[in-house]
Chemist: 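Mind having a look at this structure? Questions to follow.
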Amino acid sequence: MAGTAASMANLALTQVGYKEGANNYNKYAEQTPGLQVDWAIYGPWCQSFISWLAWKTGNRDVIPTTASCSVCTDYYKQRGAFNRTPRVGSLAMFGSDGGTHVELVIAVFNGGRDIEVVGGNTKDYPAPNGDGVYRKRYNDWASTTRIHGFGHPAYTGAGVVNDRGGGSSGKYKIKAGQTLSSIAAVLGVTLASLLAANPQISSPDDIYEDQEISIPAKPDEKPKPPDKDDDKPKPPTPDTGSATGTYTVRSGDSLSAIARAHGMSLARLLALNPDITDPDVIAAGQVLKVTGSSRPAPSTADGGDSKTPAPKPQPKPEPSKPARADWTDRFDRIDRELREVKDELGRIKEQMKDKPKPPTPEPDKPVEPPVPVKPTKPEPAVPVSPEVSKPTDIPVVPQHVIPTPEVKSAA
């Protein structure tokens, strides 16, 4: 019945009673391709449970593979397949925007007013979040729950929902005065499974005498009630055998890197070492139990993320550099820088030798003040006497006088 709403519901019913392990560990993210990361395996897993159901039943083309309820809600809103009308196989999305929690609808009653669901990472009604897979019924869900709406996968068909995934066991003819509740009690099945096996019945009150209805198969076995000790979270059981060796933690190691180096999952490594309460806290010299053959030394870059889904990714150290400080390298670098400074000071000192230095006063001998210069009296000016003309040897030539002719005026 792969590809049907019933295939999802029937598989979900087989998981009722599952409890998460230590540190929120869940098998659903670890077994779903695309979700095999630490923050999904050790984080809130209600949406991982739905994604696991989709992969197991061949419905992953109509249900997104994600660990985020917000992503799932947006997926159906973008396709116009989200409203407040429940159907068998619908995904009930909780929270003010549908991003808080998710549960699978396996039955609908009273024209959609009441619903029955199976959800992971939850508890008994009315608590939405918890520690396992539970089956619950919400009467008048619109006023008693925080369901934001329902996402509707485009299944290939409806199918028949049975308590533990069996087929129909035949037909039953209704007698006068019977109700579906009394018929379910006679047949030893739940009213939800009886309605799911008869989708033609739109209301539990809409039945009549001599009407033939399908009888859902009884569960092969009822879920074993958990022991009192099961209330305490237990570490996951490793997939293959017990520890085959040990590994001593070195400086810069991380649990994710150690797991990769020994060909094992982080979940298996934590299961073999239940004394580790925080996957992010290990100490150098600590001895861990491991399985598988040792591979090249683990990288100091921790590929694991925190177990919160969020989605704020943290920076990773470069592969070529250790994730933690190496004090030996740091001291060597400081020593090398000091030598470079010392060499530079030596070169400056050599250059200063070639330049003349100004004289400096002797420290023991006081500096003598300069002797003041005495003013000198100006010498009296020498009187200047007029220069007396002296005879020269140049002979004097007598002048020849030419008489001017007399000009007579006219009478």
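Residue numbers start at 1 and run along the sequence shown. As a basis for the values below, the full set of heavy atoms in this structure was taken, side chains included, without hydrogen atoms, waters or symmetry mates.
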Chemist: Could you go step by step and tell me if Leu104 and Val117 meet the side chain to side chain contact (heavy atoms under 4.5 Å, CB included) rule?
Modeler: CA-CA 5 Å; Leu104 177 70; Val117 299; over 6 Å; no
Chemist: Tell me whether the count of non-hydrogen atoms from other residues, nucleotides or ligands lying under 6.0 Å of CZ in Arg113 goes above 12.
Modeler: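 No, because the 6.0 Å sphere around CZ of Arg113 holds 12 heavy atoms or fewer from other groups.
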Chemist: Any heavy-atom pair between the side chains of Glu209 and Ile174 that's under 4.5 Å?
Modeler: no
Chemist: Go through the steps for Tyr138 and Glu116 under the test side-chain hydrogen bond (donor to acceptor under 3.5 Å, both in side chains), then give the verdict.
Modeler: CA-CA 6 Å; Tyr138 297 120; Glu116 190 169 7; over 6 Å; no
Chemist: Taking atom NE2 of His152 and atom OH of Tyr76, what is their separation to the nearest 0.5 Å?
Modeler: 10.0 Å
Chemist: To the nearest 0.5 Å, tell me how far His262 NE2 sits from Leu272 CG.
Modeler: 11.5 Å
Chemist: Just say parallel, tilted or perpendicular for the rings of Tyr18 and Trp45, cut-offs at 30° and 60°.
Modeler: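 Perpendicular: the ring planes of Tyr18 and Trp45 meet at over 60°.
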Chemist: Can you list the steps and then say if Asp210 with Lys173 is a salt bridge (charged side-chain N to carboxylate O under 4.0 Å, His left out)?
Modeler: CA-CA 5 Å; Asp210 295 332; Lys173 183 178 290 188; 5.0 Å; no
Chemist: For Phe94 together with His148, are the ring centres under 6.0 Å from each other?
Modeler: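 No; Phe94 has its ring centre 6.0 Å or more from that of His148.
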Chemist: Measuring only between side-chain heavy atoms, which start at C-beta, is Trp52 closer than 4.5 Å to Asn26?
Modeler: no
Chemist: Answer yes or no: is there a donor N or O on one side and an acceptor on the other, between the side chain of Arg84 and the main chain of Ile147, under 3.5 Å?
Modeler: yes
Chemist: Okay, side chain of Asp253, backbone of Arg250: is any donor-acceptor separation there less than 3.5 Å?
Modeler: yes
Chemist: Thinking salt bridges, do Lys136 and Asp124 make one under a 4.0 Å N-O criterion?
Modeler: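 Salt bridge absent between Lys136 and Asp124.
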Chemist: OH of Tyr155 to OG of Ser90: how many Å apart, nearest 0.5 Å?
Modeler: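 Between Tyr155 OH and Ser90 OG, I get 7.0 Å after rounding to 0.5 Å.
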Chemist: Can you find a pair of side-chain heavy atoms, one from Arg135 and one from Leu13, that are under 4.5 Å apart?
Modeler: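 Side-chain contact under 4.5 Å: yes.
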Chemist: Are the side chain of Asp97 and the backbone N or O of Gly99 linked by a donor-acceptor pair below 3.5 Å?
Modeler: yes
Chemist: Going by heavy atoms in the side chains, are Ile41 and Tyr25 under 4.5 Å from each other?
Modeler: yes
Chemist: Would you say Ser51's side chain and Gln47's backbone share a donor-acceptor pair under 3.5 angstrom?
Modeler: yes
Chemist: Does the side chain of Trp55 come within less than 4.5 Å of Thr65's, by heavy atoms?
Modeler: yes
Chemist: Is there side-chain contact between Asn59 and Ser7, with at least one heavy-atom pair below 4.5 Å?
Modeler: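 Yes, their side chains come closer than 4.5 Å.
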Chemist: Walk me through it: do Asp131 and Lys123 pass the test salt bridge (charged side-chain N to carboxylate O under 4.0 Å, His left out)?
Modeler: CA-CA 6 Å; Asp131 60 355; Lys123 287 184 179 179; 5.8 Å; no
Chemist: Nearest 0.5 Å, please: how far is CG in Leu11 from CE in Met8?
Modeler: 8.0 Å
Chemist: Quick one: are Gln15 and Lys27 in side-chain contact, heavy atoms under 4.5 Å?
Modeler: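 Yes - at least one pair of side-chain heavy atoms lies under 4.5 Å apart.
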Chemist: So does Gly98 get a backbone contact from the side chain of Thr73, meaning a donor-acceptor N/O pair under 3.5 Å?
Modeler: yes
Chemist: With rounding to the nearest 0.5 angstrom, report the OG1 to OH distance, Thr66 to Tyr75.
Modeler: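 Those atoms lie 11.5 Å apart.
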Chemist: Determine whether the aromatic ring centres of Phe150 and Trp141 lie less than 6.0 Å apart.
Modeler: yes
Chemist: Run the side chain to side chain contact (heavy atoms under 4.5 Å, CB included) test on Thr4 and Thr156 for me, step by step, so that the C-alpha distance in whole Å, both residues' side-chain angles and the decisive distance to 0.1 Å come before the verdict.
Modeler: CA-CA 5 Å; Thr4 66; Thr156 58; 4.0 Å; yes
Chemist: Begin from the C-alpha positions of Phe109 and Ile115 and carry the test side chain to side chain contact (heavy atoms under 4.5 Å, CB included) through to its verdict.
Modeler: CA-CA 6 Å; Phe109 318 102; Ile115 60 175; 5.8 Å; no
Chemist: Roughly how far, to the nearest 0.5 Å, is OG1 of Thr144 from CG of Asp114?
Modeler: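 Asp114 CG to Thr144 OG1: 8.5 Å, rounded to 0.5 Å.
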Chemist: If we only count heavy atoms from C-beta on, is the Tyr172 to Ile183 side-chain gap below 4.5 Å?
Modeler: yes
